[in-house]
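Here is the structure we will look at, set down as structure tokens.
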Amino acid sequence: MEVKIKQFLNKKELTFLKKYGTKKETPFLLINLDKIERNYDNLKKNIPYAKIFYAVKSNPEKEILQTLANKESNFDIATTFELDMILSLNISPKKISYGNTIKKEKDIAYAFSKGVRLFATDSLNDLKKISLHAPGAKVFFRILCDGNGADWPLSKKFGADPDIIFNLAIKAKSLGLIPYGLSFHVGSQQRKINQWNNAITQCKYLFDSLKNKNIKLKMINIGGGFPSDYIQPTKNLKTYSKEITKFLKNNFGNNFPEIIIEPGRSIVGDSGIIITEIVLISEKSKINNYKWLYLDIGKFGGLIETIDEAIKYPLFPEKQDKKKQEYIIAGPTCDSYDILYENYKYKLNKNLKEKDKIYILTTGAYTASYSSICFNGIPPLKVYCVKNFIVQPNNL
Ligand SMILES: *Cc1c(COP(=O)(O)O)cnc(C)c1O
């Protein structure tokens, strides 16, 4: 599939990159805060009935959190560390949900002491811990999804089958908690929109069966999974929202429960560009028609989502050229696992040279927060935030 840089970046953005891509030591991640605002607005516009809880793990950069806070976003956190990051920005604990189903008792107690009153759960033991350390809190129950159709599935690890959830909701009430709603995550970068239908149908079943037990659930958290722009295109957000709204209507008529979304990738993914430099180009055998391209960033520098080549980032040399050649692309570290793309062969300029810059697009999500702290002595990925591709003082 031939993709062109012009499909992803406009002239202004390209000019900016050319000019400022050389200002800092590579590799670094450049975040356009303006794009994040637009992505947020776009989600709001397309799913107006949903409350947005930004999934902090996708990129916890302070300026990103502040930008979203200014937009009145809510935040989904997974640990007390993320909680502290949010609270340090003077964001109300009322805007926070503790979305991780795997929690220590002391972490629940800490969150509760800071004012968090909304917790996710999917097991009896976690529920008991919540009842002890966050008495009277609202809990929502996560349904298991198989993640089928997603580039980055979150399958199996989280959630439980509806019959288990049914019993948990009853138990929650008897433990003095408020069984408030249900949640699911269909898998990140989910391409099969119908996966929301499967999950929403299960939610409807649980809403009805629990009503018979005098438990009135009020909320559905339809998770993340909304797409960002990688090499293989997805349907646009409008199509996602139209379909999902239809699924909700089919099940709940015009009386939707409170709907929450927890976007990560679709908010920050395409706001980020990693600027990297070619360290080495080599050939290993005369019979191969491809070369090896080693960059100054790899799996350990933040590109972990290239595991099994799951996420295929749009990747372009700074200078474009018509003559192309296939490359295997790898990182700089002394670990053989540090190969980014081997099966999927990127076609890049035939005349690429060492020290040339490569842009790795759509790298705003799940990169900086994944980068290792000192493997081979390499420091964590540096992040610079700009607004609308206009340089801010002391920034870049
Ligand atoms: C990671 C995560 C998200 C974000 O998912 P995206 O696909 O990046 O939008 C949302 N909710 C929960 C519970 C998560 O763990």
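Indexing begins at 1, ligand by ligand and atom by atom, following the structure's order. None of the values given here were measured: they were computed from a predicted structure.
- For the pair G225 and ligand 1, the shortest N or O to N or O distance falls below 3.5 Å.
- Using a 4.0 Å cut-off between charged side-chain N and carboxylate O, K235 and E243 make no salt bridge.
- Some N or O of G264 is nearer than 3.5 Å to an N or O of ligand 1, by distance alone.
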Indicate every side-chain donor-acceptor pair of residues 163-177 with a distance under 3.5 Å to a residue at least two apart or in another chain.
from, atom 1, to, atom 2, distance (Å)
N167, ND2, D163, O, 3.3
K173, NZ, N214, O, 3.2
S174, OG, K171, O, 2.8

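- With hydrogens and angles disregarded, no donor-acceptor distance shorter than 3.5 Å links the side chain of T306 to the backbone of E309.
- Considering backbone and side-chain atoms together, Q189 places no N or O closer than 3.5 Å to any N or O of ligand 1.
- Distances below 4.0 Å separate heavy atoms of R265 from the following atoms of ligand 1: 6 (P), 8 (O), 9 (O).
- For the side-chain hydrogen bond (donor to acceptor under 3.5 Å, both in side chains) with D151, the lone residue among R265, Q190, R191, Q232 that qualifies is R191.
- Considering Q190, K57, H185, K157 only, the shortest heavy-atom separation from atom 5 (O) of ligand 1 involves H185.
- Interface of A55 with ligand 1, defined as ligand atoms under 4.0 Å from a residue heavy atom, comprises 3 (C), 4 (C), 10 (C).
- With sequence neighbours excluded, no residue forms a ring pair (Phe, Tyr, Trp, His ring centres under 6.0 Å) with Y337.
- Both cation-pi conditions hold for K204 and F252: the charged atom is under 6.0 angstrom from the six-membered ring centre and inside a 45 degree cone around its axis.
- Taking every heavy atom of R142 and a limit of under 4.0 angstrom, the matching atoms of ligand 1 come to 13 (C).
- Looking only at protein heavy atoms, the nearest one to atom 10 (C) of ligand 1 is E262 O, 3.1 Å.
- For N388 and N32, the side-chain atoms include no donor-acceptor pair closer than 3.5 Å.
- Annotation: S188 places an N or O atom under 3.5 Å from an N or O atom of ligand 1; distance criterion only.
- Here F316 and Y359 keep their ring centres 6.0 angstrom or further from each other.
- Annotation: cation-pi pair K345/Y327 absent, no NZ/CZ under 6.0 Å from the ring centroid and within 45° of its normal.
- In F158, neither the side chain nor the backbone holds a heavy atom less than 4.0 Å from any atom of ligand 1.
- Near Y366, with a cut-off below 4.0 Å to any heavy atom, the atoms of ligand 1 are 1 (C), 4 (C), 5 (O), 6 (P), 8 (O).
- The closest approach between any non-hydrogen atom of P263 and ligand 1 is below 4.0 Å.
- For S58, the closest heavy-atom approach to ligand 1 does not fall below 4.0 Å.
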